[in-house]
Engineer: 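One structure coming up, written as structure tokens, with questions to follow.
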Amino acid sequence: MKWLEWLPGLRPPPAIADRAWRKALATHPLAQRLSTVDQKQLRLLVARFLQHKRFHPIDFNLDATQRLLIAMQACIPILHMGFRALRGWQGVVVYPGEFKVRHRHHDAATGVLTEGDQILSGEAWQLGPLVLSWATVQQDLERPWDGHNVVAHEIAHKLDMLDGPPDGVPPLPRGVSWRAWIDTFQRAYNRLATDVNRGHATIIDPYAATNAGEYFAVTSELHFSDPRQLERAEPGVAGLLRGYYGPSPAP
Ligand SMILES: [Zn+2]
């Protein structure tokens with residue numbers, strides 16, 4: 001073996017065994033709906049994910065199939081972008097269920113320090129790990145078209161943070177206009193925020209009205225789990241997300 005091959009980035013990833021791939025595919029509704037060509041591309045990306053990312057299960061055993069399923073969920077959003085879209089971080093922390101985190105926020109203008117506990121099913125820090133609840137990932141695999149997908153949500157944050165703090169605008173590919181993105185998302189965000197403030201029922205989860213980053217992450221979940229509802233609620237956003245991620249494999 002040449003010394004260069006020891007560097008993980010240059011070594012080709014070990015191929016995923018046929019049996020393991022078929023077993024994971026049988027319980028992965030989104031991947032099942034991909035074309036044969038896209039499934040082949042997904043398998044290559046997943047092999048690289050398993051080679052480069054480090055899983056850290058907290059107080060439970062995360063078996064090889066579970067790792068494979070998480071990697072599949074994480075690579076579906078980047079199917080048409082390439083593995084480089086997942087650069088800049090390595091860890092995947094997995095809790096067996098929802099987890100509690102303590103957040104501190106210091107407001108520079110008022111000097112107020114806010115601190116509180118939150119129960120979360122996923123989290124993504126800039127340059128830090130992806131944090132997931134296995135129970136939530138499993139629920140997404142069992143109910144794939146219910147509008148929720150925790151891994152797609154957190155990967156959206158990761159993509160958004162490739163060019164700095166999350167602001168709802170990831171680096172855009174050629175063919176997706178930055179101007180159209182800003183205008184369309186801003187107007188859609190304002191509509192949702194107004195509806196939420198007035199107490200109206202909304203198709204898009206009100207959590208998306210938290211800020212622009214959450215709006216992008218929540219609508220990304222819809223793109224991969226209920227694109228028809230997104231199209232109904234915000235056709236402009238739905239079109240831009242198709243341009244960004246590629247067509248949704250969801251029905
Ligand atoms: Zn979020």
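Start at 1 and go down the list; that is how both ligands and their atoms are numbered. Being a predicted model, the structure only gives us computed values, none of them experimental. Keep in mind that the numbers below use all heavy atoms, side chains included, and drop hydrogens, waters and symmetry copies.
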Engineer: Looking at H153, pick out the N, O or S atom nearest to the Zn ion (ligand 1) and give its name.
Structural biologist: NE2
Engineer: If you measure from the Lys or Arg side-chain nitrogens to the Asp or Glu carboxylate oxygens, is any gap between R187 and D183 under 4.0 Å?
Structural biologist: no
Engineer: Do Y95 and F60 have their ring centres less than 6.0 Å from each other?
Structural biologist: no
Engineer: Salt-bridged, R43 to D18, with N to O below 4.0 Å?
Structural biologist: yes
Engineer: Looking only at side-chain N and O atoms, does H153 offer a donor or acceptor that is under 3.5 Å from a partner on E214?
Structural biologist: yes
Engineer: Is E214 close enough to the Zn ion (ligand 1) to have an N, O or S atom under 2.8 Å?
Structural biologist: yes
Engineer: Return the name of the atom in H157, of element N, O or S, nearest to the Zn ion (ligand 1).
Structural biologist: NE2
